[in-house]
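Every number for a ligand or one of its atoms is a count from 1 in the order of the listing. Start at 1 with the first residue, then count along the sequence. Please read all numbers here as calculations on a predicted model, not as lab measurements.
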Amino acid sequence: MRRGLLTAQVDELARIALTAARAAAAYIRAARPAGRVAAAQTKSSPTDPVTLIDQAAEKLIRESIGAERPHDGFLGEEGGGTAGSSGVVWVVDPIDGTVNFMYGIGAYAVSIGAEIDGTVEAGCIVNAVTGEEYTAVRGAGAFARTGDGAPARLAAQSPPSLSHALVGTGFNYVVDIRLHQARAVTALLAHVRDIRRNGSAALDLCAVAEGRLDAYVEQGLKPWDLAAGGLIARESGVRLAGLGADPDERLTIAAPEPIAEEFFRLVRTCGF
Ligand code: LIP
């Protein structure tokens, strides 16, 4: 239940998020040099990078949102958490797909979610390479916009059967966890069409929402990986779960009906 916020106020949060995400995506495009981008530092492992552009993009987002909503909380992948007093918390990944960004692989995005009392009420993801925009407000649907076109409503598509499902996934930056995940994905592969490891959880969830993937499974997602993409997927008709009812860092699984329940059962038996 939204804390006394009217629909118009949540729509305003969605507008603020998209304005900040567009500005950050434009900055990322302009700031990225040719060739490979160096890591400024690493986090969970030597292969978990942060670039100066990640950090600058998050600062830009924080300032853009803060200028309009100075009393909100903020949780960013690079800068950590800042408490607010309004009940609204912005959950931000300035570049989801940082390794893709470093290598110049065209799949990295700005992801911004607006959370109220622990529930994401509005969110947007902007592909920083193509400019594609994915937006959603809880209960009002999910939309995709390319170029100057009008936003088109997203309705997830289901494959004819689980054996025809193209499944997105990702692997952890910590090698022991990655090896465990590789064994689980090997077991999964025997039952689905194929997997795709695109390198951005946010864009993978958008891909399920728009039918470019049939399902998604990943472990280790942080709140900023999942906030906006989880809302966009749900609002397109995709079901999400974890080992239990809700997706979390332990496990995030996503698929549309009618394959969702069968896919969830399969994932939970493959050893994730
Ligand atoms: C990434 C995720 C991706 C996952 C990577 C990493 P980052 O986020 O979007 O799906 O497999 O390990 O967590 O680090 O680029 O913001």
task: Check each atom of ligand 1 against the heavy atoms of Gly170 and keep those under 4.0 Å away; list them by number with element.
output: 11 (O)
- prompt: What are the atoms of ligand 1, with element, lying closer than 4.0 Å to any heavy atom of Thr98?
  reply: 15 (O)
- prompt: Centre of Phe101's six-membered ring, under 6.0 Å away, within 45 degrees of the axis: is that where NZ or CZ of Arg32 sits?
  reply: yes
field: Protein contact to atom 13 (O) of ligand 1 [nearest heavy atom, distance to 0.1 Å]
entry: Tyr173 CE1, 3.8 Å
statement: Under 4.0 Å between heavy atoms, the region of Asp225 that gets near ligand 1 turns out to be side chain
query: Less than 4.0 Å between a side-chain N and a carboxylate O, is that true for Arg265 and Glu262?
result: no
- prompt: Below 4.5 Å, heavy atoms only, C-beta onward: do Tyr173 and Val99 meet side chain to side chain?
  reply: yes
field: Backbone or side-chain N or O of Glu218 under 3.5 Å from ligand 1 N or O
entry: yes
- request: For the pair Glu78 and Lys43, find out whether any cationic side-chain nitrogen is under 4.0 Å from an anionic carboxylate oxygen.
  value: yes
- prompt: Do Val217 and Val167 come within less than 4.5 Å of each other through their side chains, counting heavy atoms only?
  reply: yes
message: Checking the N or O distance criterion of under 3.5 Å, is ligand 1 in contact with Tyr216?
response: no
field: Under 3.5 Å: N/O of Glu77 near N/O of ligand 1
entry: yes
Heteroatom distance test (Leu221, ligand 1): nitrogen or oxygen, under 3.5 angstrom: no
- prompt: Does any N/O atom on Asn172 come nearer than 3.5 Å to any N/O atom on ligand 1?
  reply: no
field: Numbered atoms and elements of ligand 1 in range of Gly97, under 4.0 angstrom, heavy atoms
entry: 7 (P), 15 (O), 16 (O)
- prompt: Do Pro159 and Leu166 come close enough that some side-chain heavy atom pair is under 4.5 Å?
  reply: no
- prompt: Do Asn198 and Leu213 come close enough that some side-chain heavy atom pair is under 4.5 Å?
  reply: yes
query: Taking the non-hydrogen atoms of Thr169, is any one of them nearer than 4.0 angstrom to ligand 1?
result: no
statement: If we number the atoms of ligand 1 from 1 as shown, the ones under 4.0 Å from a heavy atom of Phe171 are 11 (O), 12 (O)
field: Glu115 vs Glu121 side-chain heavy atoms within contact, under 4.5 Å
entry: no
field: Closest to atom 1 (C) of ligand 1 among Asp96, Val50, Asp54 (heavy-atom distance)
entry: Asp96
message: Under 4.0 Å from a heavy atom of Asp93: which atoms of ligand 1 are those, numbered in the order shown and with their elements?
response: 16 (O)
query: Any side-chain heavy atom of Glu210 within less than 4.5 Å of one from Ser236?
result: no
query: Just distances here: any N/O of Ala201 and N/O of ligand 1 closer than 3.5 Å?
result: yes
- prompt: Could a heavy atom of Lys222 be found less than 4.0 Å from some atom of ligand 1?
  reply: no
- line: If we number the atoms of ligand 1 from 1 as shown, the ones under 4.0 Å from a heavy atom of Arg197 are 3 (C), 4 (C), 5 (C), 10 (O), 11 (O), 12 (O)
